[in-house]
Asks: 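Mind looking over this structure? Questions follow.
In this text, all values refer to a predicted model and were calculated from it rather than measured experimentally.
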Amino acid sequence: MKRILLILIALITGGLQAQNQVDKAKKLLDEVYAKMSAYNNIYIDFKYNLDNLVENINQETKGNVTIAKDKYVLNYLGATKMYDGNKTYTVVPENEEVTIEKNATDDSAITPSKMLTFYKKGYKYKWDIQQNVRGRKIQYVELKPQKANTEVKQILLGIDIQTKHIYNLIEIGKNGTRTTITVNTFKTNQPLSDNIFKFDREKYKKDGYTISEL
């Protein structure tokens with residue numbers, strides 16, 4: 001009887017601890033969301049790493065993104081991707097091509113405009129490890145997709161405990177691919193051009209770009 005009682009206590013305690021880990025993770029994510037969504041705009045300069053030991057792939061590049069509410073401009077891999085709240089424009093100067101997609105959505109993709117809200121739907125999360133990165137305390141929250149048919153195994157979101165800003169995002173795929181986005185520069189409420197999220201069709205036509213609408 002005593003042994004059964006101890007087992008029951010252990011199960012209850014373990015369940016409470018697990019729930020506490022979930023509650024702590026949600027509280028921190030909500031604090032980050034509240035802090036970040038209060039800014040008029042955000043500019044991030046980042047480093048992107050893609051690693052897959054099985055396929056012997058190791059790629060490293062840099063990029064930057066400007067986000068204002070649902071709109072964004074992303075410069076990455078020599079291309080520019082812009083979302084004006086209605087359409088997504090992908091500009092590839094090397095090919096002199098522009099692709100326009102109306103209301104392009106991908107529930108599994110973490111786009112810049114979804115960076116602060118993706119965790120709210122379709123993920124289970126819990127408290128993970130804390131690391132000291134050059135004097136900064138980075139707390140990780142683990143997120144796992146609730147759907148079994150996704151290619152993503154887990155996501156680790158590193159958060160600066162003091163500033164409540166995102167330090168990095170690590171996405172681990174079921175195929176062993178590990179993608180890491182690390183924030184190098186983080187600026188808020190920058191003066192932005194009135195045209196930063198406006199696509200100038202005439203300019204690209206004049207420059208000889210091929211414009212395709214999907």
Asks: Nearest 0.5 Å, what's the OG1-CG distance between Thr210 and Asn95?
Replies: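 Nearest 0.5 Å value for the OG1-CG distance: 9.5 Å.
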
Asks: Assess whether atom NZ of Lys164 is packed by more than 12 heavy atoms of other residues, nucleotides or ligands within 6.0 Å.
Replies: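 It does: Lys164 NZ has more than 12 such atoms within range.
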
Asks: Does Lys62 use its side chain to pair, donor to acceptor, with the backbone of Asn184 at less than 3.5 Å?
Replies: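 No, because the side chain of Lys62 does not come within donor-acceptor range (under 3.5 Å) of the backbone of Asn184.
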
Asks: Do Phe186 and Val32 share a hydrophobic cluster, counting only Ile, Leu, Val, Met, Phe, Trp and Tyr and linking them when any side-chain heavy atoms are less than 4.5 Å apart?
Replies: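 Yes; Val32 is reachable from Phe186 via cluster members.
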
Asks: Has the side chain of Lys69 got a donor or acceptor atom that lies under 3.5 Å from a matching backbone atom of Ser37?
Replies: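 Flag set: sc Lys69 to bb Ser37 pair under 3.5 Å.
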
Asks: Nearest 0.5 Å please: distance from the CZ atom of Arg178 over to the CG atom of Asn58.
Replies: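 So the gap between those two atoms works out to 12.0 Å.
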
Asks: Applying side chain to side chain contact (heavy atoms under 4.5 Å, CB included) between Glu171 and each of Leu143, Leu156, Val152, report the one that passes.
Replies: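 Considering Leu143, Leu156, Val152, a side chain to side chain contact (heavy atoms under 4.5 Å, CB included) with Glu171 is found only for Val152.
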
Asks: For a quick test of reading the model, state the closest non-hydrogen atom pair linking Lys47 to Asn49 and the distance between them.
Replies: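 Nearest pair, atom of Lys47 first, then Asn49: CE-OD1, 3.4 Å.
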
Asks: Do Ile100 and Tyr72 belong to the same hydrophobic cluster, where Ile, Leu, Val, Met, Phe, Trp and Tyr are linked whenever their side-chain heavy atoms lie under 4.5 Å apart, directly or via other members?
Replies: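 Different clusters: Ile100 never reaches Tyr72 through Ile, Leu, Val, Met, Phe, Trp or Tyr contacts under 4.5 Å.
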
Asks: For residues Val73 and Ile196, report the shortest heavy-atom separation together with the two atoms involved.
Replies: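 Minimum heavy-atom separation between Val73 and Ile196: CG2-O, 3.4 Å.
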
Asks: Can Glu142 and Lys126 be said to form a salt bridge (charged side-chain N to carboxylate O under 4.0 Å, His left out), step by step?
Replies: CA-CA 5 Å; Glu142 180 194 59; Lys126 68 177 183 179; 3.7 Å; yes

Asks: Evaluate Arg136 against Asp160 for salt bridge (charged side-chain N to carboxylate O under 4.0 Å, His left out), listing each step before the verdict.
Replies: CA-CA 7 Å; Arg136 299 166 64 188; Asp160 187 314; 2.8 Å; yes

Asks: If only side-chain N and O atoms count, and only distance matters, is there a donor-acceptor pair under 3.5 Å linking Tyr43 with Asn189?
Replies: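 No, Tyr43 and Asn189 have no side-chain donor paired with an acceptor closer than 3.5 Å.
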
Asks: Hey, what do you get for CG (Asn64) to CG (Leu74), rounding to the nearest 0.5 Å?
Replies: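 The distance works out to 7.5 Å.
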
Asks: To check you understand the geometry: which heavy-atom pair defines the closest contact between Pro93 and Ala79, and what is its length?
Replies: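 Looks like CD-CA, 4.3 Å.
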
Asks: Within a reach of under 6.0 Å around CD of Gln130, are more than 12 heavy atoms found that belong to other residues, nucleotides or ligands?
Replies: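 Correct, the count exceeds 12.
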
Asks: Is any side-chain heavy atom of Thr177 less than 4.5 Å from a side-chain heavy atom of Leu50?
Replies: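 Of all side-chain heavy-atom pairs linking Leu50 with Thr177, at least one is under 4.5 Å.
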
Asks: Locate the shortest heavy-atom distance separating Tyr125 from Ala25; write the atom from each residue and the value.
Replies: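 Of all heavy-atom pairs spanning Tyr125 and Ala25, the closest is CD1-CB, 4.2 Å.
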
Asks: Any salt bridge linking Lys81 with Glu101? Criterion: basic side-chain nitrogen under 4.0 Å from a carboxylate oxygen.
Replies: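 Here Lys81 does not pair with Glu101 in a salt bridge, since their nearest N and O are not under 4.0 Å apart.
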
Asks: Identify whether Ile159 and Ile161 are in the same connected component of the hydrophobic contact network (ILVMFWY, side-chain heavy atoms under 4.5 Å).
Replies: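 Cluster IDs for Ile159 and Ile161 match.
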
Asks: Hydrogens and angles aside, do Asn41 and Gln190 bring a side-chain donor and acceptor to less than 3.5 Å of each other?
Replies: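 No, no side-chain donor-acceptor pair sits under 3.5 Å.
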
Asks: Rounded to the nearest 0.5 Å, how far does OG1 of Thr180 lie from CG of Asp51?
Replies: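 These two atoms lie 6.5 Å from each other.
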
Asks: Given side-chain contact (heavy atoms from CB on, under 4.5 Å), test Ile166 with Leu157 step by step and report yes or no.
Replies: CA-CA 7 Å; Ile166 296 171; Leu157 194 63; 4.0 Å; yes

Asks: So among Ile42, Thr188, Ile67, which one has a side chain to side chain contact (heavy atoms under 4.5 Å, CB included) with Met36?
Replies: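 Among Ile42, Thr188, Ile67, the one that satisfies the side chain to side chain contact (heavy atoms under 4.5 Å, CB included) with Met36 is Ile42.
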
Asks: Would you find more than 12 non-hydrogen atoms of other residues, nucleotides or ligands less than 6.0 Å from Asn56 atom CG?
Replies: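 Not more than 12 within 6.0 Å, no.
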
Asks: Let me check something: do Ile172 and Ile138 share a hydrophobic cluster, defined by ILVMFWY side-chain heavy atoms less than 4.5 Å apart, either directly or through other members?
Replies: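 As far as the 4.5 Å side-chain criterion goes, Ile138 and Ile172 are connected within one cluster.
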
Asks: Please test Leu214 against Thr99 for side-chain contact (heavy atoms from CB on, under 4.5 Å), starting from the C-alpha separation and ending with a verdict.
Replies: CA-CA 7 Å; Leu214 303 180; Thr99 303; 3.7 Å; yes

Asks: Does any donor atom in the side chain of Asn195 or Ser193 lie under 3.5 Å from an acceptor atom in the other side chain?
Replies: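 Ser193 and Asn195 do not have a side-chain donor-acceptor pair below 3.5 Å.
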
Asks: Check whether any side-chain heavy atom of Ile129 sits under 4.5 Å from a side-chain heavy atom of Gln139, and report yes or no.
Replies: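 No, every pair of side-chain atoms sits at 4.5 Å or beyond.
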
Asks: Would you give the length of the straight line joining atom OG1 of Thr182 to atom CG of Asp45, rounded to the nearest 0.5 angstrom?
Replies: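 Interatomic distance, Thr182 OG1 to Asp45 CG, rounded to 0.5 Å: 11.5 Å.
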
Asks: Between the side chain of Lys35 and the main-chain N/O of Thr163, is any donor-acceptor distance below 3.5 Å?
Replies: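 Yes, because the side chain of Lys35 sits within donor-acceptor range (under 3.5 Å) of the backbone of Thr163.
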
Asks: Would you say the side chain of Gln59 lies within less than 4.5 Å of the side chain of Ile57, judging by non-hydrogen atoms?
Replies: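 They are in contact (side-chain heavy atoms under 4.5 Å apart), so the answer is yes.
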
Asks: Would you say Glu151 and Asn175 make side-chain contact, with heavy atoms under 4.5 Å?
Replies: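 Sidechains of Asn175 and Glu151: no contact.
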
Asks: Could you walk me through whether Ile170 and Thr179 pass side-chain contact (heavy atoms from CB on, under 4.5 Å), step by step?
Replies: CA-CA 6 Å; Ile170 304 169; Thr179 304; over 6 Å; no

Asks: Are Lys26 and Glu31 close enough, and set up right, to give a salt bridge (charged side-chain N to carboxylate O under 4.0 Å, His left out), and what steps lead you there?
Replies: CA-CA 9 Å; Lys26 185 179 186 305; Glu31 287 175 352; over 6 Å; no

Asks: Assess the side chains of Asp84 and Tyr89: does a donor N or O sit below 3.5 Å from an acceptor N or O?
Replies: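 Yes, side-chain donor-acceptor contact under 3.5 Å.
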
Asks: Give a yes or no on whether Glu94 atom CD has more than 12 heavy-atom contacts from other residues, nucleotides or ligands under 6.0 Å away.
Replies: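 Not buried by this count: 12 neighbours or fewer within 6.0 Å.
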
Asks: Step by step, work out the side-chain contact (heavy atoms from CB on, under 4.5 Å) result for Val91 and Tyr204.
Replies: CA-CA 9 Å; Val91 181; Tyr204 288 103; 3.6 Å; yes

Asks: As an exercise, state the distance from CG of Leu77 to OG1 of Thr61, rounded to the nearest 0.5 Å.
Replies: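 Reported to 0.5 Å precision, the distance equals 5.0 Å.
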
Asks: Taking only Lys NZ, Arg NE, NH1 and NH2, and the carboxylate oxygens of Asp or Glu, determine whether Asp207 and Lys203 approach each other closer than 4.0 Å.
Replies: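 Salt bridge present between Asp207 and Lys203.
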
Asks: Let me check something: do Tyr123 and Leu169 share a hydrophobic cluster, defined by ILVMFWY side-chain heavy atoms less than 4.5 Å apart, either directly or through other members?
Replies: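 In one cluster: yes.
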
Asks: Considering non-hydrogen atoms only, spot the tightest contact between Gly85 and Lys71 and give its length.
Replies: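 In terms of heavy atoms, the two residues are closest at N-CG, 4.0 Å.
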
Asks: Does CD belonging to Gln146 count more than 12 external heavy atoms closer than 6.0 Å?
Replies: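 Yes, CD of Gln146 has more than 12 neighbouring heavy atoms, counting only those of other groups under 6.0 Å.
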
Asks: According to the interplanar angle, ranging from 0 to 90°, do the rings of Tyr76 and Phe46 count as parallel (below 30°), tilted (30 to 60°) or perpendicular (above 60°)?
Replies: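 The rings of Tyr76 and Phe46 sit tilted, inter-plane angle from 30° to 60°.
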
Asks: Does Lys206 NZ have over 12 foreign heavy atoms under 6.0 Å away?
Replies: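 Result for NZ/Lys206: open.
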
